[in-house]
There are 2 protein chains.
Amino acid sequence: MKDITSKLINLFKQGYCTPQIARIAKKIKEPSTTIHYNIKKLEREGKIISYKGVFDYKKIEEGHVTFILVNLSDDNYGEPEGVAQELAKDPRVESIDICTGDYELIIKLRTKDIDEYYEWIKNTVHKFKFSKSYSITSLKQVKTEFVELK
Amino acid sequence: MKDITSKLINLFKQGYCTPQIARIAKKIKEPSTTIHYNIKKLEREGKIISYKGVFDYKKIEEGHVTFILVNLSDDNYGEPEGVAQELAKDPRVESIDICTGDYELIIKLRTKDIDEYYEWIKNTVHKFKFSKSYSITSLKQVKTEFVELK
DNA sequence: GTTAATATTTGAAGATTATTCAGTTATATA
DNA sequence: TATATAACTGAATAATCTTCAAATATTAAC
């Protein structure tokens, strides 16, 4: 066993996919060279960043979703971007936004289970000196990354 | 002008992409047939749902992100799934979860601007009889769909 | 521990698809 | 209206995916 699947999952999380030009050409009834031209244009303009996989996260041990609202400590309050970019490096962080309202950050985190979540939040609160955080746990994911789940 | 790009964006939002087997094979130094076999296995097992595009949403007129926490009316409180699945059909809804805590739903919505957001929330509150909602606006997207933004 | 069944890996061949290129048509600009 | 630029497209080529059959490895049963 070479455990290729876990490597594949990591690659597909961010990219290593490509458009199906021939299939699209059939679908919208245009020549494949026209489709090709328009896709390259979207890429050139930077409108398309990447092509990636979407998973049934329960089946890949990432079924536990938590939204975490964060207050930063006084030290980091003025510049949340550095903290956010650091957190963004964690592959379990699906999204992170700097936001309005009572909290400065909103993080969408994917872990295997509540135990892994607990470890993550404990370590992260300590490391980044969050002054407060409020976690909302997903009970059921109905749609993710624009893809409806069945 | 045939406006092919907007059709492409819609298709890539949910799929119409495919893995780059040859590129992956080089990357992890395994034969492409082995990569092929393992990908098909992941698909067969339902671990991979789809391959899709990720966009620079500001450049495609979807740069305004809002997280909306929702309380349902008494009518819908007991069965939030129906409401969630209905909302999931909207292409501007990136994700929707049924959740713990003070609110029953958490929606991640992408609109062109705050005006489109206002129209959406006004219509949706009315249509689905939300008893209360709390919106958090993203000021800066640092990471989305597991992809770091620059 | 041996055997049988099943799953994974792999190279070679064929089928399909992406890409390049050159020419055409359409759109925008002066 | 003339000119420049952008968008579209068919034909040929290059690259990739997919199938297949055989080898190897893993698992299960006895």
Side-chain angles (χ1 to χ4, degrees), chain A residues 1-63 91 112-113 145-147 150, chain B residues 1-63 91 112-113 145-147 150:
Chain A
M1 273 282 261
K2 295 189 169 182
D3 193 26
I4 287 167
T5 53
S6 67
K7 288 179 188 172
L8 291 176
I9 289 169
N10 285 330
L11 292 178
F12 288 148
K13 261 197 178 181
Q14 289 163 294
Y16 284 88
C17 299
T18 192
Q20 294 181 292
I21 294 177
R23 192 175 154 219
I24 295 166
K26 268 184 203 163
K27 171 84 176 175
I28 67 181
K29 297 189 178 68
E30 297 288 348
S32 66
T33 44
T34 302
I35 303 301
H36 183 270
Y37 173 83
N38 279 278
I39 290 174
K40 291 304 160 194
K41 183 164 174 281
L42 284 171
E43 293 174 357
R44 197 168 358 103
E45 293 168 339
K47 290 183 180 175
I48 295 177
I49 295 174
S50 164
Y51 306 97
K52 58 154 286 181
V54 179
F55 304 94
D56 187 331
Y57 293 96
K58 277 185 206 160
K59 292 185 180 168
I60 62 164
E61 308 278 79
E62 298 185 32
K112 183 186 177 185
D113 52 32
E145 294 155 273
F146 293 106
V147 177
K150 294 292 164 314
Chain B
M1 274 281 262
K2 294 188 169 182
D3 194 25
I4 287 167
T5 54
S6 67
K7 287 179 188 171
L8 291 176
I9 289 169
N10 285 329
L11 292 177
F12 289 149
K13 261 196 177 180
Q14 287 165 293
Y16 284 88
C17 299
T18 193
Q20 294 180 293
I21 295 177
R23 192 174 152 217
I24 295 166
K26 268 183 202 164
K27 170 86 175 173
I28 66 180
K29 298 189 177 69
E30 298 286 349
S32 66
T33 44
T34 303
I35 302 302
H36 183 269
Y37 173 83
N38 278 278
I39 289 173
K40 290 303 159 194
K41 184 166 174 277
L42 284 170
E43 293 174 358
R44 198 170 354 107
E45 293 169 339
K47 291 183 179 173
I48 295 176
I49 295 173
S50 165
Y51 306 97
K52 58 154 285 181
V54 179
F55 304 94
D56 186 332
Y57 293 97
K58 277 185 207 160
K59 292 184 180 168
I60 63 164
E61 309 278 80
E62 297 186 32
K112 183 185 176 186
D113 52 31
E145 295 155 273
F146 293 106
V147 177
K150 293 295 164 316

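This one's a predicted model, so the numbers in the text were calculated from it and none came from an experiment. Numbered from 1 within each chain, the chains take letters A, B, ... in sequence-line order.
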(request) Report yes if the distance between the aromatic ring centroids of B:Tyr51 and A:Tyr51 is under 6.0 Å, otherwise no. (result) no

Nucleotide [N], atom [atom2] - distance to [atom1] of [X] in whole Å:
| X | N | atom1 | atom2 | result |
| --- | --- | --- | --- | --- |
| B:Lys29 | C:dT9 | NZ | C1' | 19 Å |
| B:Glu30 | D:dA25 | CD | P | 14 Å |
| A:Arg23 | D:dC17 | CZ | P | 16 Å |
| A:Glu45 | D:dA6 | CD | C1' | 11 Å |
| A:Leu42 | D:dA6 | CG | C1' | 15 Å |
| B:Tyr51 | D:dC17 | OH | C1' | 13 Å |
| B:Tyr37 | D:dT24 | OH | P | 17 Å |
| B:Gln20 | D:dC17 | CD | C1' | 12 Å |

Picking from [options], which would you name as closest to the side chain of [X]?
| X | options | value |
| --- | --- | --- |
| A:Ile4 | C:dT17, C:dT9, D:dT18 | C:dT9 |
| A:Lys40 | D:dT9, C:dT19, C:dT10 | C:dT19 |
| A:Thr33 | D:dT19, D:dG10, C:dA7 | D:dG10 |
| A:Ala22 | C:dT17, C:dT10, D:dT19 | C:dT17 |
| B:Pro31 | C:dT19, D:dC17, C:dT10 | C:dT10 |

(request) With the side chain counted from C-beta on, respond yes when A:Ile24 and B:Phe12 share a heavy-atom pair under 4.5 Å apart, and no when they do not. (result) yes

(message) Nearest 0.5 angstrom please: A:Arg23 CZ to B:Leu11 CG, how far?
(response) 8.5 Å

(request) Drop me the distance from B:Ile28's CD1 to A:Asn10's CG, to the nearest 0.5 angstrom. (result) 10.5 Å

For [N], does either OP1 or OP2 sit under 4.0 Å from a side-chain N or O belonging to [X]?
| X | N | result |
| --- | --- | --- |
| B:Asn38 | C:dT9 | yes |
| B:His36 | D:dT18 | yes |
| A:Lys41 | D:dA7 | yes |

(request) Tell me which of A:Thr18 and A:Arg44 sits closer to the 5' end of DNA chain D, going by the nucleotide each one is nearest to. (result) A:Arg44

(request) Using a strict cut-off of less than 4.0 Å between a Lys/Arg side-chain nitrogen and an Asp/Glu carboxylate oxygen, indicate whether B:Glu30 and A:Lys7 qualify as a salt bridge. (result) no

